[in-house]
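What follows is one structure encoded as structure tokens, with my remarks underneath.
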Amino acid sequence: MEYSQDMKNRLKRIEGQVRGILRLMEEEKDCKNVITQMSAVKSATDRAMAYIIAKNMQQCIIDEVEKGEQADQVVEEAVQLLVKSR
């Protein structure tokens with residue numbers, strides 16, 4: 001699977017958020033700020049994961065249909081990935 005520039009940009013933003021959290025910790029900032037930022041990272045990571053799974057499923061279904069195959073197995077694998085990510 002080829003990863004889009006959008007996906008790479010999402011991960012770079014997450015990377016920046018994590019560096020920001022570390023900076024807050026090094027500066028011994030209030031734990032509420034740290035937790036708020038960690039929650040934002042978790043949410044962004046969840047969205048990025050769902051995006052990758054959706055794009056992968058989309059491409060796999062297209063590939064299966066083009067080959068004249070059923071896409072049921074691809075959908076089941078995507079569901080399992082989503083369940084595992086929770």
Side-chain angles (χ1 to χ4, degrees):
M1 177 178 161
E2 186 176 323
Y3 296 100
S4 69
Q5 190 59 43
D6 177 52
M7 187 68 246
K8 293 173 187 175
N9 289 340
R10 287 172 188 244
L11 293 176
K12 287 177 184 179
R13 264 184 262 130
I14 293 169
E15 179 183 31
Q17 287 176 301
V18 170
R19 278 198 299 275
I21 293 168
L22 289 169
R23 190 171 42 256
L24 289 173
M25 294 171 113
E26 289 168 358
E27 295 171 359
E28 297 185 12
K29 297 293 183 181
D30 185 61
C31 69
K32 289 183 218 174
N33 294 333
V34 172
I35 296 300
T36 299
Q37 292 305 311
M38 289 179 77
S39 179
V41 167
K42 181 180 182 297
S43 179
T45 303
D46 287 347
R47 286 191 310 273
M49 193 176 329
Y51 180 83
I52 288 173
I53 292 168
K55 286 297 186 181
N56 182 59
M57 183 173 66
Q58 179 184 32
Q59 187 58 53
C60 289
I61 288 172
I62 290 169
D63 293 347
E64 291 298 307
V65 169
E66 285 176 353
K67 292 189 289 187
E69 309 267 334
Q70 294 292 326
D72 296 348
Q73 182 63 32
V74 173
V75 172
E76 180 60 32
E77 287 175 10
V79 168
Q80 291 305 313
L81 282 172
L82 285 170
V83 168
K84 213 182 268 189
S85 72
R86 293 285 160 217

Worked verdict on K67 versus E64 for salt bridge (Lys or Arg N to Asp or Glu O under 4.0 Å): CA-CA 5 Å; K67 292 189 289 187; E64 291 298 307; 3.3 Å; yes

T36 side-chain N/O to K32 backbone N/O, donor-acceptor pair under 3.5 Å: yes

Separation of L24 CG from C31 SG (nearest 0.5 Å): 11.5 Å

Flag side-chain contact, heavy atom, 4.5 Å: N33 against Q37: no

Close side-chain approach of L11 to M7, heavy-atom, < 4.5 Å: yes

same_hphob_cluster(I62, I52) at 4.5 Å side-chain heavy-atom cutoff: no

Euclidean distance, K12 NZ relative to Q5 CD, rounded to 0.5 Å: 5.5 Å

Closest heavy-atom pair and its distance - V41, Q17: CG2-CB, 3.5 Å

M38 CE: over 12 foreign heavy atoms closer than 6.0 Å: no

